[in-house]
Amino acid sequence: IPNIVIYQDLQCPACKAFEEPNMPQIRELVAAGKYTVEIHPISFLDGQSVNEYSSRAASALLCVADKAPQKFLDYNDALYKNQPNEGTAGPTNEQLQTLAQQVGVSEQPALDCIGNNTWASWAKNKGSVVWTEKVPGTNLDFGGTPFVVVNGQQYRGETANAAMFLQWLQTVAPVS
């Protein structure tokens with residue numbers, strides 16, 4: 001089954017522009033068993049936030065991935081719906097916990113992880129490393145987010161064009 005790999009920064013406006021039209025169809029394709037999706041939340045846009053939202057949001061999403069994985073995509077969607085404007089304060093850790101609860105995350109270890117910002121330094125480190133190494137499993141250089149790869153090929157079409165993305169996806173990874 002072809003795997004859709006997405007590198008994203010939850011503070012990134014272009015990532016939100018990709019997420020909103022494309023994730024509903026990606027979720028449908030995954031639910032139908034035609035593709036899998038692998039999302040890498042990384043952080044390199046803390047400078048665009050007055051409270052390091054980029055790394056805290058990545059950490060929160062990683063907490064849900066680790067402790068409440070069945071709610072990962074719902075939480076990912078919710079984080080984009082609540083994305084702060086660049087240069088403003090993003091939600092606090094407590095607000096990130098509340099948002100997780102609103103999408104059904106009730107596991108206390110997940111909520112504690114969000115509150116403790118457990119994965120923030122990992123996300124920051126990964127967000128700096130991606131610029132210096134080839135994207136894993138490819139010979140591609142990372143070019144910023146959203147960075148979408150399928151079968152070793154990078155999507156370079158219009159970020160917010162769901163039809164263009166779907167056509168590209170079916171070209172590089174056709175499924176019956």
Side-chain angles (χ1 to χ4, degrees), residues 3-27 30 36-133 135-136 142-149 154-155 159-160 162 165:
N3 190 27
I4 303 165
V5 181
I6 303 169
Y7 288 82
Q8 65 181 19
D9 186 313
L10 289 152
Q11 177 71 57
C12 159
C15 294
K16 182 177 183 177
F18 178 81
E19 164 81 14
E20 288 182 333
N22 287 294
M23 195 51 73
Q25 72 183 2
I26 290 171
R27 288 179 76 156
V30 169
T36 56
V37 65
E38 179 181 321
I39 297 175
H40 296 266
I42 59 173
S43 163
F44 58 88
L45 290 173
D46 275 341
Q48 300 301 317
S49 165
V50 297
N51 62 356
E52 296 198 326
Y53 177 74
S54 173
S55 58
R56 291 184 310 100
S59 176
L61 187 56
L62 290 163
C63 289
V64 171
D66 186 40
K67 305 294 184 191
Q70 72 286 1
K71 295 296 179 188
F72 178 86
L73 291 174
D74 292 336
Y75 193 49
N76 188 61
D77 291 348
L79 288 167
Y80 277 116
K81 283 186 181 76
N82 290 276
Q83 184 186 74
N85 291 324
E86 289 187 316
T88 67
T92 63
N93 289 353
E94 294 73 26
Q95 290 167 321
L96 291 172
Q97 288 171 314
T98 299
L99 189 61
Q101 290 171 314
Q102 288 170 354
V103 299
V105 175
S106 57
E107 294 81 355
Q108 196 58 49
L111 298 172
D112 291 345
C113 180
I114 293 168
N116 294 332
N117 213 12
T118 301
W119 292 97
S121 36
W122 183 91
K124 284 183 199 180
N125 181 57
K126 193 71 176 165
S128 60
V129 167
V130 291
W131 299 96
T132 61
E133 300 175 350
V135 174
F142 182 74
T145 55
F147 194 89
V148 183
V149 179
Q154 179 187 358
Y155 177 63
T159 305
F165 175 74

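Residue numbers count from 1 along this sequence.
Nearest heavy atoms, Cys63 versus Thr118: SG-CB, 4.4 Å. Considering all non-hydrogen atoms of both residues, Tyr7 and Pro136 come closest at OH-CD, 3.3 Å. The shortest heavy-atom contact between Val105 and Ala68 is CG1-CB, 4.1 Å.
Using a 4.0 Å cut-off between charged side-chain N and carboxylate O, Glu52 and Lys124 make a salt bridge.
Checked by atom type, the side-chain pair Tyr53/Gln48 shows no donor-acceptor distance below 3.5 Å. A side-chain donor-acceptor contact under 3.5 Å links Asn76 and Gln8. Checked by atom type, the side-chain pair Gln97/Gln102 shows no donor-acceptor distance below 3.5 Å.
At least one donor-acceptor pair under 3.5 Å links the side chain of Ser43 to the backbone N or O of Ser55. In this structure a side-chain-to-backbone donor-acceptor pair under 3.5 Å is present from Gln95 to Thr92. A distance-only check finds no donor-acceptor pair linking the side chain of Gln101 to the backbone of Ser106 [under 3.5 Å]. Checked by atom type and distance alone, the side chain of Thr145 never pairs as donor or acceptor with a backbone atom of Phe147 at under 3.5 Å. Without hydrogens or angle criteria, Arg56 side chain to Asn117 main chain gives no donor-acceptor distance under 3.5 Å.
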Please determine whether side-chain contact (heavy atoms from CB on, under 4.5 Å) holds for the pair Ile26 and Glu19, giving the CA-CA distance in whole Å, both sets of side-chain angles, and the decisive distance to 0.1 Å.
CA-CA 10 Å; Ile26 290 171; Glu19 164 81 14; over 6 Å; no
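Between Phe165 and Phe18, the ring centre distance stays below 6.0 Å.
At least one side-chain heavy atom of Ile6 sits less than 4.5 Å from a side-chain heavy atom of Val37.
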